[in-house]
Amino acid sequence: MTTQVRRGLFAAVALAGLVATAACGGGSPAGEAPKAGEKIELVVKTFSKFGYTELYKKYEAAHPNITIKEENIAQLGDYLPKLQQWIATGSGAGDVVALEEGILVQFMAKPDNFVNLLDHGAGSLQDKFLEWKWKQALTPDGKTLVGLGTDVGAQGMCYRRDLFEKAGLPTDREEVGKLWPTWEAYTETGKKFVAAAGKDARFFDSAGNIFQNILMQQGDHTYFDTAGKLVIDTNPGVKAAWDTTTAMVGADLSAKLQMWGPQWNAGFKTGSFATIACPAWMLGLIKEQAGAGLTGQWDVARVPGSGAVRGGSFLAVPKQSKHPKEAAELATFLTSPEGQLAAFKAESNFPSSPQAIDDPAVQSFTNAYFNNAPVGKIFGESAKTLKPVYLGPDNQAVGDRVGEALLALEQGKLDAGAAWTQAIESAKRTAK
């Protein structure tokens, strides 16, 4: 998922037959076969919510010599520098690490830091993943597979039915989707909402969030071209997304909240904004922040424009792992179609496995919290047609700088021209 926080509930998923025969454990040094009966602890490093708690229990039950310890850091922005340090120093990364798609490229540049999963039988799993998802973690020569895909960030637009009703707008998700076939139409709908709801009402949460969604619809790359060159000031797609977003800010539609901050978190419950562009993985977060009192008031409609992918992750095994074989087996288990179904059940992380996407449990799944929205169908319709967008090695950092410029614009510290200049200049400094 290119965001900092990730990831709802659906019918129970049968995992019978998923867990393989118990593997040998051991505390032996890397490269040595573990001794029979030895205990192994596998450390899994993640950010946000991957929905693996129950899967860990199932795996440990079938592998009595293995204990799984998950070390989680809530925000990707806090996780990334630690992961960079662990990999650079060859210590601290544990046995399995999560790589979000926005940071994947920088680690793909040095694939030797990771176990080649093709050496552990992963080649036979290719048809278990969307083709483009598989290729994202495969080196250009096709010889090294750095990670196995977890979820994909199929897009939707979440909205507050009660706030729409008060503003005289339709609340049915099909009718709501018809309000905004384009981002321009979304802007016009926002103007109508604010005019009807009052001067303190705001249509969306933050310019940074809206910008990111528009940007991911602009072509096959964003801040960097596919050769890794910074093109933020020459890619017309970046400027188009910027202009569309700043027009919304100029119309005073933004709640001007900093994503992932306490006010943004509280806004889901307090009604600080009526809509938020929401990848599938965000549904769990909305439910958590909005609380049980708003059950049925949040709903999901189509996103403006052509749809896009925003976010998604992979599991990789650092070369420093003392148990590469066992770690690779665990990563394979967690990213299997059945494992992805379980993660979807737990946290709405939408599968990257065609088999999981087509499973009736996903296709027929409705989310009770979101007014029984058929989220399996909504996100599933777009997942298979999603086109990957190349994200350069410093994409996360450059995106943060652009977000800071947009926030300065929202807060009245800079006008649109000055904010654009700041975004370009700070991006160039960051990408050096």
Side-chain angles (χ1 to χ4, degrees), residues 2-5 74-78 80-81 102 183-184 186-191 193-195 197-216 218 222-224 230-278 282 289 304 310 392 394-432:
T2 322
T3 44
Q4 293 178 312
V5 177
Q75 296 191 19
L76 179 59
D78 296 328
L80 175 57
W183 287 105
E184 289 72 23
Y186 175 81
T187 301
E188 293 305 310
T189 302
K191 292 177 180 178
F193 172 83
V194 170
K199 65 178 183 179
D200 294 329
R202 294 296 177 266
F203 196 50
F204 60 86
D205 60 322
S206 72
N209 190 26
I210 287 290
F211 172 80
Q212 183 66 24
N213 283 268
I214 300 173
L215 179 65
M216 296 300 285
Q218 300 303 309
T222 59
Y223 306 124
F224 296 85
L230 183 69
V231 292
I232 184 173
D233 54 344
T234 58
N235 180 1
V238 177
K239 190 59 164 62
W242 178 275
D243 290 343
T244 301
T245 303
T246 55
M248 295 184 196
V249 174
D252 207 18
L253 304 184
S254 174
K256 306 174 184 178
L257 301 175
Q258 186 168 9
M259 289 187 70
W260 324 121
Q263 290 180 311
W264 183 80
N265 287 331
F268 292 103
K269 179 182 291 186
T270 61
S272 299
F273 45 88
T275 70
I276 181 169
C278 54
M282 191 178 281
Q289 297 298 337
R310 182 185 168 204
D394 293 315
N395 180 81
Q396 183 70 40
V398 169
D400 288 345
R401 302 294 83 75
V402 174
E404 290 166 359
L406 282 168
L407 185 61
L409 169 65
E410 289 181 294
Q411 295 177 344
K413 298 177 181 178
L414 298 172
D415 61 27
W420 175 247
T421 298
Q422 176 180 303
I424 297 300
E425 292 179 350
S426 59
K428 289 180 177 179
R429 290 193 297 270
T430 297
K432 284 184 179 179

Closest approach of [X] to [Y] (non-hydrogen atoms, all atoms of both residues):
{"X": "V398", "Y": "A427", "value": "CG1-CB, 3.8 Å"}
{"X": "A416", "Y": "L409", "value": "N-CD1, 3.5 Å"}
{"X": "A274", "Y": "F193", "value": "CB-CZ, 3.5 Å"}
{"X": "A405", "Y": "Q422", "value": "CA-NE2, 3.7 Å"}
{"X": "A241", "Y": "Q218", "value": "CB-CG, 4.4 Å"}
{"X": "G237", "Y": "L215", "value": "O-CD1, 4.2 Å"}

First locate atom [atom1] of [X], then atom [atom2] of [Y], and finally report the distance between them rounded to the nearest 0.5 Å.
{"X": "C278", "Y": "N213", "atom1": "SG", "atom2": "CG", "answer": "8.5 Å"}
{"X": "I232", "Y": "E425", "atom1": "CD1", "atom2": "CD", "answer": "11.0 Å"}
{"X": "T430", "Y": "D394", "atom1": "OG1", "atom2": "CG", "answer": "8.0 Å"}

With heavy-atom distances below 4.5 Å as the criterion, would you say the side chains of [X] and [Y] are in contact?
{"X": "T246", "Y": "W420", "answer": "no"}
{"X": "F204", "Y": "N209", "answer": "no"}
{"X": "V402", "Y": "V238", "answer": "no"}

Pairwise salt bridge (Lys or Arg N to Asp or Glu O under 4.0 Å) hits with a residue in residues 265-275, at least two apart: none
Cut-off 3.5 Å, no hydrogens considered: what does the side-chain donor-acceptor table look like for residues 247-259, sequence neighbours left out?
{"from": "D252", "atom 1": "OD2", "to": "R202", "atom 2": "NH2", "distance (Å)": "3.1"}
{"from": "S254", "atom 1": "OG", "to": "K256", "atom 2": "N", "distance (Å)": "2.9"}
{"from": "S254", "atom 1": "OG", "to": "E410", "atom 2": "OE2", "distance (Å)": "2.3"}

Got a sec, which residues hit ring pair (Phe, Tyr, Trp, His ring centres under 6.0 Å) with Y223, two or more places apart in sequence or on another chain? none
Partners passing ring pair (Phe, Tyr, Trp, His ring centres under 6.0 Å) against F211 (at least two apart in sequence or in another chain): none
Could you list the residues that satisfy side chain to side chain contact (heavy atoms under 4.5 Å, CB included) with E404, not counting sequence neighbours? R401
Does anything in residues 230-245 form a side chain to side chain donor-acceptor pair (under 3.5 Å)? List the pairs, not counting sequence neighbours. D233-K428, K239-D243
Is a donor on one side and an acceptor on the other found under 3.5 Å between the side chain of T275 and the backbone of F203? yes
Has Q263 got more than 12 heavy atoms of other residues, nucleotides or ligands less than 6.0 Å from its CD? no
